[in-house]
Amino acid sequence: MVPVGAKVITPVAEGRQSPGEAGQIGGEEASYGYAITCDAVLAPPWAAAGPTPGGRADAVSLVHVVEVPERSAARLEPVIGSQRYAQLTQAADRVRQLLAGRTIWNVNSTATGGGVAEMLQALVGYVNDLGVPIGWLVITGDARFFATTKRLHNQIHGDLAGGPLDAAEAHHYTRMLTANAVELLGRIRPGDVALLHDPQTAGLAAPLAAAGARVVWRCHIGVDWENDATQAGWDFLQPHLGSAEGYVFSRRQYAPAWLPDDKVSVIPPSIDPFSPKNQDLDAATVRAVLATLGVLDGAAPQVPARFIRRNGHPGTVTRPAAIIGDGRPGPDDPVLIQVSRWDRLKDMGGVMRAFADHVVPGGGGYLMLVGPAVAGVSDDPEGAAVYGECLLQWHDLPPEARARIMLVTLPLDDIDENAAMVNALQRHATVIAQKSLAEGFGLTVSEGMWKGRPVIGSEVGGIIDQIAAGTGLLLPDPADLKAFGQAVRLLLGDPAEATRLGLAARAHVRENFLGDVHLLRYAKLLGALISRT
Ligand code: UDP
């Protein structure tokens, strides 16, 4: 999660979601996930002729229910241990009692695509299974609304392109959310908890609170500095947020100073060990996925590239990646991988330069820069532009670097398959990089660490919270290519150190960034909120 440009997610492709799940109606600047823009999702939903892809036919409604299948929380027990599991079930019992028949409602603006939706799929599923009444509602906006919230998203990340939002835009934002609130109040009862996610929903706080809901606003984005843009973004949101009783941020530094300290909770994102992105894959399956992608020299899949989809059904990776590179590593060659959207702040170009200048001469190994497919200029202008710059940069490399540096783009036709590809690549990596220039949280860091890989990250934003001492390498200056190259050479050349860091990394993620920790933090917040009644 990072300051980004376009982040509207495409409509749902077949096979990506469970049968009862509502489809993508509007769009949002997802807090994490791959960025794809698509005109279709910006069309007002009421203009749609039929049911949204993969969703329920409910064309005249602004608000859609996402039906999340129960996800057995007991599966977490062998991963987190019986003591933590007991804490989770006890917290669930407490929250259920406190709720006394009332419901927790998550409200956001997309059912699929991006980190927020991915996290809700997992967490709502677990909470469901734990017997706590919980629901997930998705609001709708029109093109103008999402254009406004996209600018708002960029402003909160320090980018004031287009200038501050004017009164007409503020009016339209409020109007759209007031209309959604009317529908939401058909489901959200007085005393229910409304957990509103991100700036797209901030304008719901007042009408829902006025109707008796207990409102908490959860912001998944932020930066730990201020400028005119962040000021403008928070100025826009401030009047809407007064009626919320609690505020949640991924880092304390992301909360604006005017929010009362005692109402701010810090809950960092979590990863789910059973999602296609993070589930265990044995070595043969990893090899099969990589062979299918075409990133290894001469390798052919010996076993099917199987994984388990989010809906529990088996899936197979069948699509190849699009690859630029004059050579391919052999299956046993050391590989450095950075998985990111093609976003300037992820600094894929810097990773390439550092590897070409400071690793290739004298050091071994290969570099894979991995990101989502860039469908074309109209689909994701920013992503396509950044990818294009990387491509030009790659062409200018000396031949010995071109033979060891690959640009890999992964197809997005099937989100679960894409996640399984990322999973296999991260598991295959000898070392993982996240050389971001800025980073809200950086889920790829936890993902890599969970796979027992040593991660080299820049000391920025949420990466600082994830790479604790002894669990990876934090580089103080993201622009210092030489230091980055030295760290890469150190770890590619020292398997024992890489293994030691990787083991500590996995333990650190298990301790801090799995779903039970996330839910316990919410339980604490809800306990305080409800007993304040
Ligand atoms: N990702 C993916 N496929 C890709 C590239 C990225 O699924 O081709 C995922 C990545 O695994 C991570 C998310 O997109 O889960 C990116 O989240 P992060 O917080 O690292 O950065 P953001 O993109 O939100 O700035």
Side-chain angles (χ1 to χ4, degrees), residues 1-10 16 28-36 112-119 121-122 153-154 156-157 198 220-223 250-251 268-272 275-279 293 295 307 310 317 319 321-323 337-348 368-375 380 382-383 386-387 407-427 429 432-451 453 455 457-458 460-463 465-467 509 513:
M1 325 178 304
V2 89
V4 282
K7 289 197 97 177
V8 177
I9 309 299
T10 51
R16 279 204 225 156
E28 74 161 3
E29 302 83 27
S31 299
Y32 5 79
Y34 12 82
I36 324 159
T112 55
V116 177
E118 193 169 316
M119 256 189 305
Q121 283 285 344
H153 174 98
N154 289 342
I156 300 294
H157 280 143
D198 280 331
H220 295 267
I221 60 176
V223 291
S250 298
R251 309 189 75 211
S270 58
I271 60 166
D272 181 46
S275 68
K277 182 78 57 69
N278 298 307
Q279 64 194 220
L293 290 174
V295 293
F307 64 95
R310 282 172 299 169
V317 173
R319 294 176 175 86
I323 302 166
I337 294 186
Q338 175 160 308
V339 177
S340 289
R341 289 176 300 100
W342 303 100
D343 181 303
R344 279 191 188 85
L345 292 170
K346 304 291 183 181
D347 202 20
M348 294 285 230
M368 293 186 197
L369 294 171
V370 180
V374 282
D380 181 9
E382 203 168 280
V386 173
Y387 176 75
L407 304 184
V408 180
T409 56
L410 304 178
L412 285 161
D413 312 68
D414 173 340
I415 289 302
D416 284 345
E417 183 193 38
N418 177 278
M421 292 170 176
V422 170
N423 187 347
L425 284 160
Q426 288 170 331
R427 285 179 191 282
I432 287 176
Q434 195 56 58
K435 209 190 96 43
S436 307
L437 305 176
E439 192 63 78
F441 183 71
L443 276 173
T444 48
V445 173
S446 280
E447 291 164 7
M449 292 172 77
W450 176 244
K451 285 144 195 153
R453 294 292 168 267
V455 180
S458 309
V460 295
I463 299 180
D465 300 336
Q466 295 176 79
I467 305 185
V509 172
F513 300 113

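For ligands, and for the atoms within them, numbers begin at 1 and follow the listed sequence.
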Answer yes or no: does an N/O atom from [X] fall short of 3.5 Å to an N/O atom of ligand 1?
X: Q426; value: no
X: S340; value: no
X: L443; value: yes

So, do [X] and [Y] sit near enough that their side-chain heavy atoms are less than 4.5 Å apart?
X: Q466; Y: F441; answer: yes
X: V370; Y: V422; answer: no
X: K451; Y: N278; answer: yes
X: E118; Y: K277; answer: yes
X: Y387; Y: M348; answer: no
X: M449; Y: I467; answer: yes

Report yes or no: does a heavy atom of [X] sit under 4.0 Å from some atom of ligand 1?
X: K346; value: yes
X: A419; value: no
X: G371; value: yes

Answer with side chain, backbone, both or neither: which part of [X] has a heavy atom less than 4.0 angstrom from an atom of ligand 1?
X: E447; value: side chain
X: K277; value: side chain
X: Q434; value: neither
X: D343; value: neither
X: L412; value: neither

What atoms in ligand 1 come closer than 4.0 Å to a heavy atom of [X]?
X: G442; value: 19 (O), 20 (O)
X: R341; value: 22 (P), 23 (O), 25 (O)
X: V339; value: 5 (C), 6 (C)
X: P372; value: 4 (C), 5 (C), 8 (O)
X: V422; value: 2 (C), 3 (N), 7 (O), 11 (O)

Would you name the heavy atoms of [X] and [Y] that are closest together and state the gap between them?
X: L293; Y: I323; result: O-CD1, 3.5 Å
X: D198; Y: H220; result: OD1-N, 2.8 Å
X: P269; Y: L443; result: CB-CD2, 4.2 Å

Report the distance from atom CG of L437 to atom CG of D343, rounding to the nearest 0.5 Å.
->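 Spacing of CG (L437) from CG (D343) equals 9.0 Å.
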
Among V408, N418, N423, which residue places a heavy atom closest to atom 3 (N) of ligand 1?
->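 Selected option, by shortest heavy-atom distance: N418.
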
Checking R310 side chain against Q121 main chain: does a donor-acceptor pair fall under 3.5 Å?
-> no

